[in-house]
Protein chains: 2
Amino acid sequence: MTLKIKDVAEHAGVSVATVSRVLNNSDSVKPDTFQKVMAVIEEMGYKPNAIARSLKVKNTKTIGIMIPDISSHFYPEVVRGIEDVANMYEYNVVLCNTDLKREKELKYLDVLTEKQSDGIIYMSNIITDQLADSFQNLKIPVVLISSEYEELPTVLIDNVAASNEMVKYLIQKGHKRIGMIAGQRNDYIAGISRVKGYYKALEEAGIPLEESLLVYGNYRFKSGYEGGKKLLTQENRPTAIFCASDEMALGVIRAATELKLSMPTDLAVAGFDNIDMAEKICPSLTTIAQPMYEMGAVGMRLLTKILNKETIQQSKVILNYALIEREST
Amino acid sequence: MTLKIKDVAEHAGVSVATVSRVLNNSDSVKPDTFQKVMAVIEEMGYKPNAIARSLKVKNTKTIGIMIPDISSHFYPEVVRGIEDVANMYEYNVVLCNTDLKREKELKYLDVLTEKQSDGIIYMSNIITDQLADSFQNLKIPVVLISSEYEELPTVLIDNVAASNEMVKYLIQKGHKRIGMIAGQRNDYIAGISRVKGYYKALEEAGIPLEESLLVYGNYRFKSGYEGGKKLLTQENRPTAIFCASDEMALGVIRAATELKLSMPTDLAVAGFDNIDMAEKICPSLTTIAQPMYEMGAVGMRLLTKILNKETIQQSKVILNYALIEREST
DNA sequence: TTGTACGCGTTATCAT
DNA sequence: ATGATAACGCGTACAA
């Protein structure tokens, strides 16, 4: 049987109330008794039971992180940002991989609720109405990262502007036939928005759109590889390819290498995200840097504010991105 | 105020005991009443309070994962394996990034204890005696992954054999001057063991050891890059370099590229781990595949067995590795 | 098969 | 400044 507050109280010759007081150094307790109780706690190696405490105080200092898959790039860095500031505010994080499966999401929402999590951070670009419904019915606050849904608090970058800037940059480099490997069509943030920026840049430059230059992927390497093969084997191939994710850009680089195209002379490749590998591979990758760590940190900070019932001036936080020029263009 | 079991009981016209029974479908409850109670639960949208439950049943269905840094390669995949089987057994995981800092480790150990975690999975190659002490004093079970400490249960691969095999492979390829970028000197698993395998292979082939061909790094890209520069700029440079991690191998590839060496003709490079990028970069990387997902899954499975007090036949699980030949050699 | 009542380990209110 | 005690929401003997 593990030690309880009562055992400490008896050994110290005080009441449990007093022990509780020194534990939370609340109220006023005479310095003498404080010392005495502290000594006994040390000596016995007593550790308070946070579960019992939570039952009483109605918070658990625990939040849930819902992401598609921790083993996919982009997320670990964000999660690290979340955990670091969670840590500063004495929160723990429980990790939930949803694989974007509806049942898993709902199941986790249930479990997190039942375990009385104080809040939830949800990440992944696609939010269905049904899921949003569940969020609304939740009694615990939710913060979105790189997602958007009506009035829910969120932190992200301006995806349209970022992709627009990247395509403009490619145009300035002299490219006229610019292909794009886009994200998913039902993904407002990383899918639709980035295509929008691409279209906008071409229009502004007076370059006609060509349907055959736009293919869709799912952000993963394989889809980039396949999309790259498709774009590069057609007659009159593009001289530059812009990808909605770095992983897909790596796929394009591999495809180009197999086709004996050298970069950036034969082909320019640009990505999106700036995952850590972007600067490590050869050729290193020109890309849009999303402040991943910061997105996590800011998202968690926002959540703590909500949990503390502080007034938040803006519930949609737009972070800065940056175009990073490297060897691939 | 949120719903309690009592509210359900009143609405259903039964006692709280009965409601509790249908919730845990324990004991025997008449099908009629079962249905009735279930209906009320549904209708009211009642969700049990897992905290109160935990206080009573003395388990939380939550385990802690302690790793150095989720944003460093290798870990996300392992964590995914852990989470998947944790999920199967209805456990949740709380993620703890320790940065290998002693105070953070101890702090997390405390918090996990106070929050009554059912178990802990600890990952990171270096375990000090002091930390092991804390483990021993812990009342909750610990499983190690890719670590080793006396009798603590663990899952890992045979690092000596794996590195030995890789170096032998390089020798068979005709290399005589083989450099190595090793891990840390105080790291028994990924540091010392892999050097041991390297030495062994050289000795077995009758190749004399040369001190200048062995440099130490810390598994990260930068240390690989610097080590690579060092090895490749010395007179009579090695024709092959074996790295104790893929990240360091990527560093070597970058260094070699900058020195205008082409792979594998001028230089062969081999890594260790088989992180997902290993097959995506150019040249793709020859490496030792550690079954990362499986290591996590098996580790968690081991923990559930311990938690269920099942008898475990072996507390040290050695998993299979594989040498994967790719373009870099 | 169902209900009553106690206990899980805390915190917080109200006295003293 | 300190102590007694009632919650917190649930599971489970023990009774019925």
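Every chain is numbered from 1, with letters handed out A, B, ... down the list of sequences.
- In this entry the distance linking NZ of Lys6(B) with C1' of dT4(C) reads 13 Å, nearest Å.
- In the set dG11(D), dT11(C), dC8(C), the nucleotide with an atom closest to the side chain of Ser20(B) is dG11(D).
- For Ser15(B), whose side chain is taken as the heavy atoms from C-beta onward, the closest listed nucleotide among dT2(D), dC8(D), dT4(C) is dT4(C).
- Relative orientation of the His73(B) and His73(A) rings is tilted, given thresholds of 30° and 60° on the angle between their planes.
- Rounding to whole angstrom units, CG of residue Asn25(A) and C1' of dA1(D) are separated by 16 Å.
- In this structure, Ile51(A) atom CD1 and dG7(C) atom C1' are separated by 17 Å, rounded to whole Å.
- Heavy atoms of Leu55(B) sit under 4.0 angstrom from at least one base atom.
- Under a 4.0 Å N-O distance rule, the pair Glu294(A)/Arg301(A) does not qualify as a salt bridge.
- Taking every side-chain heavy atom of Val29(A) into account, dT2(D) is the closest of dT10(C), dG9(D), dT2(D).
- Here dT11(C) presents its C1' atom at 10 Å from CZ of Arg21(A), a figure rounded to the nearest Å.
- Rounded to an integer number of Å, the gap from CG of Leu23(B) to P of dG11(D) is 6 Å.
- Mapping Asn49(A) and Gly13(B) onto DNA chain C by nearest heavy atom places Gly13(B) closer to the 5' end of the strand.
- At distances below 3.5 Å, not a single donor-acceptor pair connects side-chain atoms of Thr304(B) with backbone N or O atoms of Leu302(B).
- Thr18(A) comes within 4.0 angstrom of the backbone, heavy atoms only, and of no base.
- Summarising the geometry, the separation between NZ on Lys4(B) and P on dC10(D) is reported as 8 Å, rounded to the nearest angstrom.
- Minimum atom distance to the side chain of Ala17(A) is reached by dG3(D), of the listed dG3(D), dC8(C), dC8(D).
- Distance CD (Glu114(A)) to P (dC8(D)): 20 Å, rounded to an integer number of Å.
- Taking a cutoff of 4.0 Å between a charged side-chain nitrogen and a carboxylate oxygen, Glu10(A) and Lys4(A) do not qualify as a salt bridge.
- A donor and an acceptor atom never sit less than 3.5 Å apart when one is taken from the side chain of Lys56(A) and the other from the base of dA12(C).
- Sorted by residue number, the members of residues 31-47 of chain B with any non-hydrogen atom under 4.0 Å from DNA chain C read Thr33(B).
- An angle of 40°, rounded to 10°, separates the two end axes of the helix from dT1(C)-dA16(D) to dT16(C)-dA1(D), each defined over five pairs.
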Start with the C-alpha gap between Asp99(A) and Arg80(B), add the side-chain angles, then the distance that decides, and say whether salt bridge (Lys or Arg N to Asp or Glu O under 4.0 Å) holds. CA-CA 11 Å; Asp99(A) 290 318; Arg80(B) 189 54 155 96; 2.3 Å; yes
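- Rounded to whole Å, the distance from NZ on Lys30(B) to P on dT1(C) is 9 Å.
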